[in-house]
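One structure below.
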Amino acid sequence: MKLGIVGLPNVGKSTLFNAITKAGAEAANYPFCTIEPNIGVVTVPDERVTTLSEIYHSKKTIYTTIEFCDIAGLVKGASKGEGLGNKFLGHIREVEAIVHVVRCFEDENVVHVDGKIDPISDIETINMELILSDLEVLERRIQKTTKNLKGDKSLQKELDLLKRVAAFIEEGTSARAMELDDEEAAFVKSLDLLSYKPVIYAANVSEEDASGEDNEYVKAVREYAEAEGSQVVVICAKVEAELAELDDEEREMFLEELGIEEAGLEKLIKSSYALLDLISFITTGEDETRAWTIKRGTLAPQAAGKIHTDFEKGFIRSETIAYDKLMEAGGKLSTAKEHGWLRSEGKDYEVKDGDICHFLFNV
């Protein structure tokens with residue numbers, strides 16, 4: 001899973017990236033300090049994996065990961081090549097989802113590229129550049145489909161949808177806010193439109209606002225996100241930067257002192273999984289305990305294929321138990337078997353989040 005962190009210059013984007021990846025990308029109080037996208041791979045914390053590894057004395061413990069890409073700051077006119085425009089837009093095409101950092105704090109020591117704090121204006125500046133880029137893509141596709149329509153009348157439905165999408169985003173609204181049926185959504189996704197990519201708005205607040213009620217800026221961002229079906233995570237990049245320097249015990253104490261229930265990274269990861277409809281299943285044993293990320297609704301053979309293509313080709317069945325049930329059995333498979341909690345699942349089984357799977361195959 002690859003997420004792109006975007007935002008106007010000086011909204012706390014690189015500070016947040018540094019904090020969550022400990023990668024040390026340069027953070028400075030001026031635009032374009034991040035010229036090439038910085039990549040950071042973050043381990044997804046999962047207590048289930050830790051517990052199973054301890055129970056089975058696994059030699060290796062492997063957690064699943066998320067790749068964060070810190071993409072250079074954007075200015076008005078990027079779709080026409082202003083600032084680092086074309087490069088910026090190209091990097092966004094490569095990610096599965098966007099984490100859009102929005103400044104929701106006052107600080108006279110940190111300049112704002114537009115000279116004022118207005119998160120909705122900031123959001124719309126970036127969204128409009130994505131929309132303008134998408135309109136160019138749609139225009140080319142409409143011309144091509146119109147030309148091909150002369151020889152293939154079945155393309156009329158496709159052409160109508162292309163024009164509908166273009167008309168919708170011309171109003172200044174991102175393509176992800178469109179109401180589409182499953183077939184239409186699959187086609188629009190195939191166009192790789194930037195404004196169709198799922199988004200999490202990371203509302204970057206001050207330390208004072210990190211543990212309290214939403215400030216007026218955050219409320220405005222939530223309202224905007226709700227209208228287009230996006231998610232909001234309230235985060236304090238400054239706090240995250242401090243947390244990155246602490247060990248686990250110190251982190252817990254620091255969060256408690258600030259009255260923050262959950263670190264921003266954890267909230268961001270949970271939102272990312274929900275946004276992309278992802279879950280994790282686990283394989284465990286003496287050699288290795290490992291989490292594997294799949295799309296919700298993935299069938300057992302395809303889940304097995306994540307481990308090795310031979311597992312999918314020669315799939316016979318999956319011996320499966322829910323993590324909670326194994327814990328209820330004291331971590332003992334023999335006890336779980338006695339209760340009938342260890343199941344034998346076939347090719348039509350949809351793997352669930354937290355399933356512990358042992359795949360049987362024959363190639």
Side-chain angles (χ1 to χ4, degrees), residues 1-23 25 27 34 37-38 40 42 44 66-74 88 91-92 95-107 110 112-113 117-127 130 174 176 197-244 255 258 260-276:
M1 176 161 57
K2 190 172 182 180
L3 303 179
I5 302 180
V6 306
L8 286 175
N10 302 336
V11 295
K13 183 172 58 66
S14 290
T15 303
L16 177 61
F17 173 80
N18 292 350
I20 61 180
T21 63
K22 299 183 187 177
T34 315
N38 291 279
V42 178
V44 176
I66 293 180
E67 198 172 290
F68 284 97
C69 178
D70 179 23
I71 299 171
L74 176 68
F88 174 94
H91 292 318
I92 294 182
V95 302
E96 290 172 67
I98 297 168
V99 178
H100 187 158
V101 183
V102 188
R103 180 169 170 175
C104 293
F105 66 90
E106 303 271 0
D107 187 341
V110 181
H112 188 283
V113 73
I117 311 301
D118 185 347
I120 301 308
S121 173
D122 292 359
I123 288 171
E124 288 178 342
T125 295
I126 285 189
N127 284 353
L130 303 187
S174 296
R176 60 180 162 270
K197 286 186 183 288
V199 168
I200 297 169
Y201 292 106
N204 186 16
V205 300
S206 64
E207 280 188 68
E208 292 74 30
D209 288 336
S211 59
E213 292 182 10
D214 290 349
N215 63 30
E216 60 181 296
Y217 300 131
V218 176
K219 285 176 184 171
V221 173
R222 285 197 191 279
E223 197 176 316
Y224 186 95
E226 195 176 334
E228 65 170 32
S230 295
Q231 296 188 27
V232 177
V233 170
V234 177
I235 207 162
C236 175
K238 197 174 175 186
V239 167
E240 295 302 313
E242 291 176 46
L243 286 172
L255 287 170
L258 292 174
I260 299 172
E261 288 181 15
E262 192 175 28
L265 175 58
E266 276 78 24
K267 289 195 284 187
L268 206 50
I269 287 170
K270 283 180 184 174
S271 288
S272 303
Y273 267 67
L275 186 72
L276 296 170

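Just so it is clear, the values below take in all heavy atoms, side chains as well, and ignore hydrogens, waters and symmetry mates.
In terms of heavy atoms, Ser206 sits closest to Cys236 at C-SG, 3.8 Å. Between Ser230 and Tyr201, the shortest heavy-atom contact is CB-CE1, 3.8 Å. When all heavy atoms of Ala237 and Asn204 are compared, the pair lying nearest together is N-OD1, 2.9 Å. Shortest non-hydrogen contact noted between Ala244 and Ala19 is CB-O, 3.4 Å.
A distance-only check finds a donor-acceptor pair linking the side chain of Glu96 to the backbone of Lys2 [under 3.5 Å]. A donor-acceptor contact shorter than 3.5 Å links the side chain of Glu240 to the backbone of Gly264.
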Report the C-alpha separation of Asp122 and Tyr217 in whole Å, then their side-chain angles, then the decisive distance to 0.1 Å, and conclude whether the side-chain hydrogen bond (donor to acceptor under 3.5 Å, both in side chains) test is met.
CA-CA 11 Å; Asp122 292 359; Tyr217 300 131; over 6 Å; no

Walk me through whether Glu226 and Gln231 qualify under side chain to side chain contact (heavy atoms under 4.5 Å, CB included).
CA-CA 7 Å; Glu226 195 176 334; Gln231 296 188 27; over 6 Å; no

List the steps, then state whether side chain to side chain contact (heavy atoms under 4.5 Å, CB included) holds for Val44 with Tyr273.
CA-CA 10 Å; Val44 176; Tyr273 267 67; 4.0 Å; yes

Does Ile117 form a side chain to side chain contact (heavy atoms under 4.5 Å, CB included) with Phe105? I'd like the steps, not just the answer.
CA-CA 8 Å; Ile117 311 301; Phe105 66 90; over 6 Å; no

Output, in order, the C-alpha distance, side-chain angles, deciding distance and verdict of side chain to side chain contact (heavy atoms under 4.5 Å, CB included) for Val239 and Leu258.
CA-CA 9 Å; Val239 167; Leu258 292 174; 3.9 Å; yes

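Between Ser271 and Val233 there is a side-chain heavy-atom pair separated by less than 4.5 Å. Residues Pro198 and Leu276 form a side-chain contact, since some pair of their non-hydrogen atoms from C-beta on lies under 4.5 Å apart. Inter-residue side-chain proximity for Val205 and Ile235 is flagged as unmet; no heavy-atom pair is nearer than 4.5 Å.
The ring pair (Phe, Tyr, Trp, His ring centres under 6.0 Å) test applied to Phe68 returns no partner, not counting sequence neighbours.
Looking at Val95, Ile98, Leu130 one by one, the single match for side-chain contact (heavy atoms from CB on, under 4.5 Å) with Val6 turns out to be Ile98.
Applying the salt bridge (Lys or Arg N to Asp or Glu O under 4.0 Å) test to every pair with at least one member in residues 215-225, sequence neighbours left out, gives these pairs: Asp214-Arg222.
For Lys270, the NZ atom is loosely surrounded, since the number of other residues' heavy atoms within 6.0 Å does not exceed 12.
A salt bridge does not link Glu262 with Lys267: every distance from a Lys NZ or Arg NE/NH1/NH2 to an Asp or Glu carboxylate oxygen is 4.0 Å or more. A salt bridge links Glu228 and Arg176; the closest N-O separation between the charged side-chain nitrogens and carboxylate oxygens is under 4.0 Å. By the 4.0 Å N-to-carboxylate-O rule, Asp70 lies close enough to Lys13 to be salt-bridged with it.
Between the OG1 atom of Thr125 and the CG atom of Leu8 there is a distance of 5.5 Å, given to the nearest 0.5 Å. Note that the CD1 atom of Ile126 and the NE2 atom of His100 stand 3.5 Å from one another [nearest 0.5 Å]. The CG atom of Asp118 sits 7.0 Å away from the CD1 atom of Ile120 when rounded to the nearest 0.5 Å. From Asp209, atom CG reaches atom CG of Asn215 across 4.5 Å, with rounding to the nearest 0.5 Å. With rounding to the nearest 0.5 angstrom, the CG atom of Leu268 is 5.5 Å from the CD1 atom of Ile200. Between the CG atom in Leu275 and the NZ atom in Lys197 there is a gap of 11.5 Å [rounded to 0.5 Å].
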